[in-house]
Amino acid sequence: MILDLPYDAFINQLTHAERIVQISHINPDADTLGSSLALRSALERQGKQVTTVCMDIPSDQYDFMPGISRIEHDFDPTAYDLIITVDCADLKKMSGFYQRYADFFERVPVINIDHHPSNDRYGKIALVAPQAASVGQIMYHVLNALGAEITPDMATQLLAALYFDTGSFQHSNTTSQVMKIAADLKTLGADHAQVAYHLFRKKSLPILKLWGLALGKLKLDYDRSLAWIYISQADLDAAGAEYKDLEGLIGLIHGIPGIKMTVLLSERDKNQLKGSIRTENGIDASHFAAAFGGGGHHKAAGFSAVLQPQPQSTAYLPVKETAAA
Ligand SMILES: [Mn+2]
């Protein structure tokens with residue numbers, strides 16, 4: 001099944017473009033990075049001048065991705081005649097560059113390539129497919145529509161995108177179509193073992209120490225089908241780890257038989273409390289996250305809250321106190 005998207009309008013728009021800026025979302029992941037880099041190669045082979053930007057420096061977890069060193073962190077808005085946003089559900093919140101260069105976004109056509117259900121199809125042309133597991137899946141069809149050759153490096157970039165957004169093909173968005181595309185990318189030379197290692201298996205010693213410490217603090221409440229962990233700044237210090245080292249931990253915990261909701265709470269700078277929630281079918285994680293000003297998807301959501309000076313006045317502290325007990 002080829003996603004029903006305005007490929008022809010996109011291709012037509014490209015014929016009017018010489019200098020293109022591709023924009024990834026803040027806190028970039030393998031989907032926005034891999035999809036951008038694969039499209040970039042195809043556009044460059046058409047003779048376009050392309051700059052790929054992201055406001056945040058990608059985590060070193062992505063250093064293995066071919067072309068990652070070509071990601072830049074700012075651009076000159078007078079130098080481009082086309083904008084392509086990749087995996088950005090919202091131009092204002094997710095690109096970060098919108099506030100900096102608002103008139104550039106008014107003046108220059110935007111092509112919006114995304115799969116978030118909340119994407120309102122901003123831009124002149126929207127290649128938006130909420131049914132796609134990742135932008136990598138959309139980009140595979142875009143490259144085919146362009147008639148672009150997918151090189152082994154591009155195949156690795158796209159496989160990384162697909163692999164990441166499906167949680168290594170474990171999430172329910174892993175359709176047979178996703179697996180067929182992954183198989184094709186493998187045939188085209190994607191380095192599947194490198195993708196799996198760098199995105200899911202590689203763990204530094206501080207990460208392993210932190211996760212071990214965290215597992216020791218795991219609390220279970222079978223009456224409420226609830227599992228939770230609270231990680232303090234002191235825990236991070238004890239493991240020699242950083243906040244980002246918690247990434248992926250909730251996926252490890254959420255799978256205990258009899259547990260339907262898993263919550264990971266972590267203390268952040270400036271009295272911030274960050275919460276990640278995972279749920280089983282039928283329990284809306286975003287509903288719980290919204291109670292603390294957050295949001296997300298049905299089975300995965302999150303929130304940030306400010307720790308108040310009077311602990312008893314906050315709704316979430318009882319959870320923290322129980323967790324610490
Ligand atoms: Mn994505």
Side-chain angles (χ1 to χ4, degrees), residues 27 29-31 59 61 133 163-174 195-269 272-305 307 315-325:
N27 188 20
D29 58 25
D31 189 26
S59 152
Q61 178 188 16
Y163 212 81
F164 186 84
D165 269 20
T166 57
S168 65
F169 303 133
Q170 293 180 55
H171 299 337
S172 54
N173 61 2
T174 312
V195 170
Y197 171 69
H198 287 281
L199 294 187
F200 286 93
R201 209 155 52 77
K202 185 169 76 173
K203 299 279 176 287
S204 68
L205 184 60
I207 292 176
L208 290 176
K209 279 188 174 171
L210 177 66
W211 288 24
L213 196 150
L215 292 177
K217 297 181 81 179
L218 177 67
K219 307 288 178 193
L220 298 179
D221 180 342
Y222 282 106
D223 292 338
R224 295 180 178 83
S225 306
L226 177 69
W228 77 98
I229 294 178
Y230 172 69
I231 296 293
S232 66
Q233 181 62 54
D235 295 327
L236 292 171
D237 293 344
E242 303 170 53
Y243 299 126
K244 68 179 176 60
D245 296 332
L246 289 169
E247 201 174 310
L249 173 61
I250 197 161
L252 180 75
I253 312 160
H254 186 59
I256 301 167
I259 296 300
K260 292 185 175 157
M261 180 189 279
T262 304
V263 181
L264 175 63
L265 297 168
S266 54
E267 183 187 22
R268 301 290 168 117
D269 288 336
Q272 287 275 328
L273 185 75
K274 172 118 194 287
S276 299
I277 305 171
R278 296 289 181 277
T279 54
E280 293 300 304
N281 263 340
I283 301 173
D284 187 356
S286 67
H287 171 80
F288 288 91
F292 301 102
H297 304 278
H298 188 79
K299 290 160 89 172
F303 64 89
S304 290
L307 288 165
Y316 51 82
L317 274 179
V319 178
K320 179 190 168 188
E321 283 171 350
T322 319

Rounded distance [0.5 Å steps], CZ in Phe164 versus CG in Leu199: 7.0 Å
Where Ala285 and Lys299 come nearest, the two heavy atoms and their spacing: CB-C, 3.9 Å
Which atom pairs, donor and acceptor, lie under 3.5 Å between side-chain atoms of residues 286-293 and protein residues at least two apart or in another chain?
from   : atom 1 : to     : atom 2 : distance (Å)
Ser286 : OG     : Asp284 : OD1    : 2.6
Ser286 : OG     : Asp284 : OD2    : 3.3

Pair Leu252-Trp211, side chain to side chain contact (heavy atoms under 4.5 Å, CB included): steps then yes or no: CA-CA 9 Å; Leu252 180 75; Trp211 288 24; 3.7 Å; yes
Separation of Thr174 OG1 from Asp165 CG (nearest 0.5 Å): 10.0 Å
Qualifying residues under side chain to side chain contact (heavy atoms under 4.5 Å, CB included), relative to Leu218, sequence neighbours excluded: Leu220, Ala227, Ile229, Ile253, Ile256
For Ala239, side chain to side chain contact (heavy atoms under 4.5 Å, CB included) partners two or more places apart: Lys209, Leu210, Ala241
Euclidean distance, Glu242 CD relative to Leu236 CG, rounded to 0.5 Å: 9.0 Å
Ring pair (Phe, Tyr, Trp, His ring centres under 6.0 Å) partners of Phe169, counting only residues at least two apart: Tyr163
Nearest-0.5 Å distance that lies between atom CD1 in Ile207 and atom CG in Asp245: 4.0 Å
Set of side chain to side chain contact (heavy atoms under 4.5 Å, CB included) partners for Lys274, sequence neighbours left out: Ser266, Arg268, Ser276, Ser304
Criterion side chain to side chain contact (heavy atoms under 4.5 Å, CB included) on Thr262 and Ile250, from CA distance to verdict: CA-CA 7 Å; Thr262 304; Ile250 197 161; 4.0 Å; yes
Distance, nearest 0.5 Å, that separates CZ of Arg201 from OG of Ser168: 11.5 Å
Met261 CE to Glu280 CD distance, which is reported to the nearest 0.5 Å: 10.5 Å
Pair Tyr230-Lys219, side chain to side chain contact (heavy atoms under 4.5 Å, CB included): steps then yes or no: CA-CA 9 Å; Tyr230 172 69; Lys219 307 288 178 193; over 6 Å; no
Heavy-atom donor-acceptor pair, Glu267 side chain to Gln233 backbone, under 3.5 Å: yes
Pairing residues for Asp235 by the side chain to side chain contact (heavy atoms under 4.5 Å, CB included) criterion, not counting sequence neighbours: Leu213, Lys217, Ile231, Ser232
Minimum heavy-atom distance between Glu247 and Gln61, given as atom pair plus value: OE2-OE1, 4.3 Å
